[in-house]
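Reminder, nothing fancy here: chain letters follow the sequence lines and each chain counts from 1.
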There are 2 protein chains.
Amino acid sequence: MKVKSRIWIEKDNTPFLGYGRIQLLKEVDKTHSMSAAAKSLNMSYKKAWRLLNEINSSAKEPVLEKQIGGKDGGGTYITPYGKGLIKRFENLNQACVTFLEAEFKKW
Amino acid sequence: MKVKSRIWIEKDNTPFLGYGRIQLLKEVDKTHSMSAAAKSLNMSYKKAWRLLNEINSSAKEPVLEKQIGGKDGGGTYITPYGKGLIKRFENLNQACVTFLEAEFKKW
DNA sequence: TATCGCTATATTTACAAAAACATAACGAAC
DNA sequence: GTTCGTTATGTTTTTGTAAATATAGCGATA
């Protein structure tokens with residue numbers, strides 16, 4: 001028996017950040033490309049594009065910096081604000097997991 | 001912006017207790033009937049039956065006491081052990097929510 | 001032994017979410 | 001002004017999950 005959890009952040013009752021979106025952001029940060037990140041996560045480009053745009057348009061500061069066209073076709077980069085979001089979310093999630101595991105010992 | 005969470009308990013990596021199952025157990029406790037509980041939660045009887053049986057067969061003590069046939073066709077009751085499970089799960093869940101909301105203030 | 005409403009379970013149908021497919025637009029570099 | 005790989009976005013197809021449907025079994029009570 002073990003306890004599991006998922007946390008996410010909502011803005012106006014719609015999903016803003018959750019586990020999957022964080023994975024995606026991290027992969028974009030690594031590859032500098034929405035399409036490469038999608039492929040690496042076995043996700044369709046379209047879905048990745050939709051999720052990333054939802055994040056970007058809900059955040060109060062830009063999370064993505066996109067380059068459309070150009071010598072290599074373009075690319076996508078995570079802003080320092082975006083990197084902060086990733087870190088803060090992961091910290092919150094880890095705190096939750098730690099808390100729950102401690103509580104669950106009393107189960 | 002607000003933080004949301006879902007917690008659940010797994011046994012052998014398969015779901016044992018989660019939010020939906022707890023709702024269902026509570027409704028069975030109220031109605032003394034699997035079919036009435038399912039209807040009240042707008043769930044098919046079959047799904048309720050499957051979930052409740054999964055719970056019952058994974059728990060180390062019986063959670064349900066079923067009466068098949070009989071003057072009113074039968075019914076289903078929650079054992080004291082089952083009632084304890086409900087209460088403990090809800091306590092754990094509430095603790096998690098409270099913890100997360102406090103943490104989220106630092107966001 | 002007939003009834004009644006509940007549990008038990010298989011089969012079919014419907015639907016929504018995801019994937020697949022297709023195609024346009026972009027702009028730096030050569 | 002052609003090429004290239006990326007972002008952008010609409011349309012169609014697939015698929016996996018849930019609901020709907022159907023039917024059998026049960027047993028206390030009258």
*Atom CG of B:L51 to atom C1' of D:dA18: distance rounded to whole Å?*
12 Å

*Hey, does A:K47 reach any base, or is it just sugar-phosphate, or nothing, if we go heavy atoms under 4.0 Å?*
sugar-phosphate

*Answer with base, sugar-phosphate or nothing: what part of the nucleic acid does B:G74 contact at a heavy-atom distance below 4.0 Å?*
sugar-phosphate

*asked:* It should be established whether A:K66 places a side-chain nitrogen or oxygen under 4.0 Å from OP1 or OP2 of nucleotide D:dA8.
replied: yes

*Has A:T76 got a side-chain N or O lying under 4.0 Å from the OP1 or OP2 atom of D:dT6?*
no

_Atom-pair distance (CE on B:M34; C1' on C:dA8), nearest Å_ = 9 Å

*Counting only side-chain N and O atoms of A:W49, is one of them less than 4.0 Å from OP1 or OP2 of D:dA8?*
yes

*Could you state the atom-to-atom distance from CG of B:D72 to P of C:dT3 in whole Å?*
17 Å

*Once you round it to whole Å, what is the distance between C1' of C:dC6 and OH of B:Y77?*
11 Å

*Show your working on salt bridge (charged side-chain N to carboxylate O under 4.0 Å, His left out) between B:K87 and B:E90 and close with a plain yes or no.*
CA-CA 5 Å; B:K87 189 157 263 175; B:E90 293 198 316; over 6 Å; no

*Quick one: do B:E101 and B:K105 make a salt bridge, cutoff under 4.0 Å?*
no

*Evaluate the side chain to side chain contact (heavy atoms under 4.5 Å, CB included) criterion for residues A:W107 and A:M1: first the C-alpha distance (whole Å), next the side-chain angles of each, then the deciding distance (0.1 Å), finally the verdict.*
CA-CA 10 Å; A:W107 185 264; A:M1 291 279 191; 5.7 Å; no

*Write down the distance between CD1 (B:I68) and C1' (D:dA24), rounded to a whole number of angstrom.*
13 Å

_Upstream residue (5' side of DNA chain C) when B:Y45 and B:K71 are each assigned their closest nucleotide_ = B:K71

*asked:* Any non-hydrogen side-chain atom of B:F104 less than 4.5 Å from a side-chain atom of A:I9?
replied: yes

*asked:* What is the separation between atom NZ on B:K39 and atom P on D:dA19, rounded to the nearest whole Å?
replied: 15 Å

*Can you find a donor-acceptor N/O pair under 3.5 angstrom joining the side chain of B:K46 to the base of C:dA8?*
no

*Hey, which of B:N93, B:L92, B:L17 is the one that makes side chain to side chain contact (heavy atoms under 4.5 Å, CB included) with A:V3?*
B:L92

*asked:* Assuming nearest nucleotide by heavy-atom distance, tell me which of A:N53 and A:G69 is located more 5' along DNA chain D.
replied: A:G69

*C:dT7 P sits how many Å from B:R50 CZ, rounded?*
17 Å

*Could you tell me whether the phosphate oxygens of C:dT7, OP1 or OP2, come under 4.0 Å of any side-chain nitrogen or oxygen in B:S35?*
yes

